There are 2 protein chains.
Amino acid sequence: MDVVSSSVWGPEPLPRVAAPLREQVTDRVRAAILDLRLRPGERLIERELTENLGVSRATVREVIRQLAAEGLVTVVPQRGAEVTSLSASDAADIYEMRASLEALAVRRFVQRAGEDQVRALRAAVDEIARSAEAAGDHLAAKDRFYEVLMEGSASGPLQQTLAGLQARVRLLRATSLSAPGRPTQAAQELSAVVDAVEARDAEAAADACVLHIRNAAATATAQLTG
Amino acid sequence: MDVVSSSVWGPEPLPRVAAPLREQVTDRVRAAILDLRLRPGERLIERELTENLGVSRATVREVIRQLAAEGLVTVVPQRGAEVTSLSASDAADIYEMRASLEALAVRRFVQRAGEDQVRALRAAVDEIARSAEAAGDHLAAKDRFYEVLMEGSASGPLQQTLAGLQARVRLLRATSLSAPGRPTQAAQELSAVVDAVEARDAEAAADACVLHIRNAAATATAQLTG
DNA sequence: CATGTCTGGCTGTCAGACAATCGGCAACGT
DNA sequence: ACGTTGCCGATTGTCTGACAGCCAGACATG
């Protein structure tokens with residue numbers, strides 16, 4: 001057998017150490033939007049970005065196109081880009097899609113994930129519960145949960161789409177979500193999902209997942225329309 | 001009342017006569033990909049595009065980012081863009097997502113569409129059946145069907161996502177899909193969907209829709225793996 | 001035959017420039 | 001005082017030209 005084969009160097013074509021500048025910039029701006037350092041409705045002026053990021057306008061424009069395609073910014077012709085602010089009906093759309101697609105992802109997780117991945121999922125949900133009581137980093141905990149879920153279930157297109165939906169949901173946090181007591185309830189709902197996963201019951205897991213997102217959507221839209 | 005109000009100029013904010021150059025170019029390239037004049041795997045060289053389309057490289061690059069985000073082209077760092085060629089598992093992913101999301105759209109169509117829209121849907125499916133027998137323009141007929149469906153059901157994000165999935169499915173046509181007799185069967189399946197819609201039975205319609213896409217996926221993957 | 005080396009073809013990124021367009025503001029006439 | 005009109009600055013849309021860096025394949029070499 002060839003000396004340079006197998007998994008000596010790790011599989012696959014090298015993690016591409018130095019990402020293209022354009023992607024680094026994209027990540028930074030996306031992070032700024034998701035952290036609400038750039039608030040929905042706020043305009044993104046090309047010249048400002050070139051200055052603050054130290055890249056040329058051409059690069060900035062490519063980045064904006066990228067984020068626009070992800071739905072995080074909206075470009076108004078002849079006026080430029082601004083951080084997307086979602087309408088109530090957009091929000092409803094997004095939550096419905098998430099319900100459908102995450103149910104799909106969960107079903108797959110049940111079918112394809114190994115024991116260790118299930119344990120990791122349980123650990124993640126425990127972490128969420130803990131951060132719901134004490135004031136831990138709730139956000140990071142939830143991210144961790146979805147990270148495990150995705151790794152064990154989604155490939156390619158599904159993962160990409162779900163990531164996009166998650167990101168859009170975060171935009172809604174601008175209008176402060178999470179009613180009192182919601183975090184704890186959310187943790188319980190997710191725990192129910194993992195219960196079903198551990199029992200290897202795909203349909204029950206999917207249903208629990210749908211329920212969770214429906215509830216999340218309910219409190220969200222309550223805030224939006226209220 | 002204001003002289004310049006009402007429907008003298010037609011309603012709504014003007015169909016935007018002159019779209020930004022970048023969008024015209026995007027549409028053209030996308031069309032070329034969807035018509036398979038650019039085949040999956042084919043490289044898109046920036047200089048060639050600038051010459052053939054008569055626009056600058058900067059513009060071409062923005063267009064490429066856009067199409068990359070839509071999943072129609074894949075950019076390999078330091079090598080450039082090529083028309084996406086889908087793996088079997090990608091295809092499976094996409095069909096599963098379509099099943100989930102179109103079921104969603106159909107449910108909504110039942111709830112929200114008016115009688116005239118239901119009639120339009122029936123007309124569209126009849127047209128598909130006709131073009132399945134005689135060698136009519138099968139493609140256009142199916143497009144028409146989805147056009148009606150989308151108009152009556154989807155708003156914003158859902159519509160955009162589904163359009164993206166449809167487009168990706170078309171990429172698979174490169175590896176010639178449609179087994180013998182498939183078009184006729186597809187027409188029957190879609191007819192079943194409309195039957196349920198006419199009966200205003202949302203769940204039945206959604207189920208019929210899922211069935212249709214599962215069958216489409218089956219013949220598609222049969223071709224891909226075989 | 002295996003190993004270096006070179007070179008052309010592209011991409012990644014930049015700077016600078018110019019026209020077209022939008023939005024607001026101020027001058028204007030009534 | 002108030003609605004119009006016309007102008008100006010701020011920004012986007014697009015083009016040109018340039019240069020470094022990377023990749024693959026041709027070529028030369030031992």
Side-chain angles (χ1 to χ4, degrees), chain A residues 1-5 9 12-30 33 38 41-69 72-85, chain B residues 1-5 8-9 12-30 33 38 41-69 72-84:
Chain A
M1 179 187 269
D2 194 353
V3 186
V4 212
S5 72
W9 307 113
E12 296 314 297
L14 242 325
R16 205 88 204 99
V17 277
L21 186 50
R22 151 178 34 96
E23 290 188 8
Q24 302 180 44
V25 174
T26 305
D27 289 345
R28 273 225 226 168
V29 177
R30 192 190 358 245
I33 293 176
L38 295 173
E42 189 165 342
R43 286 186 66 181
L44 300 180
I45 287 103
E46 295 177 0
R47 184 180 44 78
E48 288 183 4
L49 293 178
T50 64
E51 290 172 4
N52 297 336
L53 296 167
V55 296
S56 79
R57 205 152 81 94
T59 304
V60 164
R61 286 177 65 83
E62 290 185 29
V63 166
I64 288 179
R65 293 297 156 317
Q66 172 80 33
L67 294 174
L72 292 183
V73 311
T74 307
V75 307
V76 184
Q78 305 297 353
R79 262 199 43 111
E82 53 187 51
V83 179
T84 300
S85 64
Chain B
M1 179 185 269
D2 197 323
V3 186
V4 211
S5 73
V8 182
W9 309 111
E12 294 313 298
L14 267 226
R16 208 85 203 98
V17 279
L21 188 49
R22 148 177 38 96
E23 290 188 7
Q24 302 179 45
V25 174
T26 306
D27 290 344
R28 275 225 225 168
V29 178
R30 189 187 1 242
I33 293 175
L38 295 172
E42 189 165 342
R43 286 186 65 180
L44 300 180
I45 287 103
E46 295 177 1
R47 184 180 45 76
E48 288 183 4
L49 294 180
T50 64
E51 290 172 3
N52 297 337
L53 296 167
V55 295
S56 78
R57 203 153 81 96
T59 305
V60 165
R61 284 177 66 85
E62 290 187 28
V63 166
I64 288 179
R65 296 311 148 220
Q66 172 79 34
L67 294 174
L72 293 183
V73 311
T74 307
V75 306
V76 185
Q78 306 299 349
R79 275 215 56 203
E82 53 186 49
V83 179
T84 300

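Nothing here was measured: the structure is a model prediction, and the numbers come from that model. Numbered from 1 within each chain, the chains take letters A, B, ... in sequence-line order.
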Earlier contact from the 5' end, DNA chain C, for Glu23(A) and Arg79(A): Glu23(A)
Atom pair distance, as rounded to whole Å: CZ in Arg61(B) and C1' in dT16(D): 15 Å
Spacing of Gln24(A) atom CD relative to dG12(C) atom P, expressed in whole Å: 14 Å
Rounded interatomic separation in angstrom, taking CD from Glu48(A) and P from dT12(D): 9 Å
Nearest-angstrom distance from the residue atom CG of Leu44(B) to P of dG12(C): 12 Å
Phosphate contact (dG12(C) OP1 or OP2) by Arg65(B) side-chain N/O below 4.0 Å: yes
Rounded distance (Å) that lies between atom P of dC23(D) and atom CD of Glu46(B): 16 Å
Short side-chain to backbone donor-acceptor contact, Glu46(A) and Arg61(A), under 3.5 Å: no
First of Glu62(B) and Arg57(B) reached from the 5' end of DNA chain D, by closest nucleotide: Glu62(B)
Arg30(B)/Leu72(B) under side chain to side chain contact (heavy atoms under 4.5 Å, CB included): CA gap, chis, key distance, verdict: CA-CA 8 Å; Arg30(B) 189 187 1 242; Leu72(B) 293 183; 3.4 Å; yes
Which nucleotide in dG23(C), dT14(D), dC14(C) has an atom nearest any side-chain atom of Arg22(B): dT14(D)
Phosphate OP1/OP2 of dG12(C): any Thr59(A) side-chain N/O under 4.0 Å: no
salt_bridge(Glu62(A), Arg22(A)) N-O dist < 4.0 Å: yes
Nucleotide of dG13(D), dT11(C), dT16(D) approaching Gln78(A) most closely (side-chain heavy atoms): dG13(D)
